[in-house]
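Scope of the values below: all heavy atoms of this structure, side chains included, with no hydrogens, waters or symmetry mates. Atoms within a ligand are numbered from 1 in the order they appear, just like the ligands themselves.
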Amino acid sequence: MKRDFLEIPEFETDELYQVLALARRMKSGEYRARPLAGKTLGMIFEKSSTRTRVSFEVGALQLGGHAIFLSSRDIQLGRGEPIRDTARVLSRYIDGIMIRTFAHADVIELARYASIPVINGLTDLLHPCQVLADVMTIQEQFGEDLSGRKVAWIGDGNNMANSWLNAAYRFGLELRLACPAGYEPDPAIFERARAGANVRLTHDPMEAAAGAEVVNTDVWASMGQEAEAEARRVAFTGYHVDRALMARAAPDAVFLHCLPAHRGEEVADEVIEGPQSRVFDEAENRLHVQKAIMARLMGE
Ligand code: CP
Ligand code: NVA
């Protein structure tokens, strides 16, 4: 039975900890197996990418496999071939699919019709590989046990915020989200997390940051929201991670950002370039976490 990774709760908590432990072994160099030998990952991109594309491609290679970059501009999907046909055709050639697209429903449909594992490389709703890499970065900083770790989310209730809610739900994080009115996270994802974890939503960034061990933000306008950029610039005034906001967090707090970042908008240059920033460890951890996911889904 093939398995997918479309959202963090797809895996139980124990399995998520196993994936993170495997990612750490991969990062340390201790793990040298090549579970993807002779296997191919297809990477469908309907949006731009630097980290996701390169880390999946390099990761597949390091595990002994191969990756093919499939831009929707070049494959028939972009000319209207149905997702379900694309899924069934690719399943005849390759061993796994990573997809980055707009509607999350498209990824669900792809996974339903594919007989091979599907990995979500970002949708408008979720960005699970990124937040699992972020969680690994937190473990490196504060230790393996994630329960009760205090995480602040400052800004848009977007795919990243929704995935943090899913991480809170599975790992028992204490998550404080500060989002402007009208830019809150997905209500169903929020309610599921709130039922199982200590999760709170506020409109005050300083309140969310108070005592946080991790301060996290993202761009004000995500991919596909370019036309809203000006309205968002107005709505997100004050949702800015600067030195004053970091001073409200715990003294040993770290700053995370999935990147790409807009300095002077959601984050001040002095924070992202400062001693508390872990953004490049976070970017590196994409590689290790995704290798662990590929080994689990495609290597067995
Ligand atoms: N953080 C992230 O997913 O980066 P890319 O858009 O460069 O893949
Ligand atoms: N929220 C951002 C994340 C980019 C990695 C976007 O969807 O564009």
Considering only heavy atoms, which protein residues lie less than 4.0 Å from any atom of ligand 1?
S49, T50, R51, T52, R100, H127, Q130, C258, L259, R286

Protein N/O near ligand 2 N/O, under 3.5 Å, which pairs?
from: ligand 2; atom 1: 1 (N); to: N158; atom 2: ND2; distance (Å): 3.4
from: ligand 2; atom 1: 1 (N); to: N159; atom 2: OD1; distance (Å): 2.9
from: ligand 2; atom 1: 1 (N); to: D218; atom 2: OD2; distance (Å): 2.6
from: ligand 2; atom 1: 1 (N); to: S222; atom 2: OG; distance (Å): 2.7
from: ligand 2; atom 1: 7 (O); to: N159; atom 2: ND2; distance (Å): 2.8
from: ligand 2; atom 1: 7 (O); to: S222; atom 2: OG; distance (Å): 3.4
from: ligand 2; atom 1: 8 (O); to: M223; atom 2: N; distance (Å): 2.8

Partners of F69 by ring-ring contact (aromatic ring centres under 6.0 Å, His included), sequence neighbours excluded?
F45

Side chain of H203, backbone of A178: donor and acceptor closer than 3.5 Å?
no

Do R296 and E15 meet the salt-bridge criterion of a basic N to acidic O distance under 4.0 Å?
yes

Going through the checks in order, is the salt bridge (charged side-chain N to carboxylate O under 4.0 Å, His left out) test met by R149 and E213?
CA-CA 7 Å; R149 285 275 161 248; E213 297 167 294; 2.8 Å; yes

Is R192 atom CZ crowded by more than 12 heavy atoms from other residues, nucleotides or ligands, each under 6.0 Å away?
yes

Find out whether the Lys NZ or Arg CZ of R25 is both under 6.0 angstrom from the six-membered ring centre of Y31 and within 45° of the ring's axis.
no

Test: ring-ring contact (aromatic ring centres under 6.0 Å, His included). Region: residues 174-197. Which pairs qualify, not counting sequence neighbours?
Y183-F236

Inter-residue atom distance N158.CG - C258.SG, 0.5 Å rounding:
7.5 Å

Do N285 and E140 have side-chain N/O donor and acceptor atoms under 3.5 Å apart?
yes

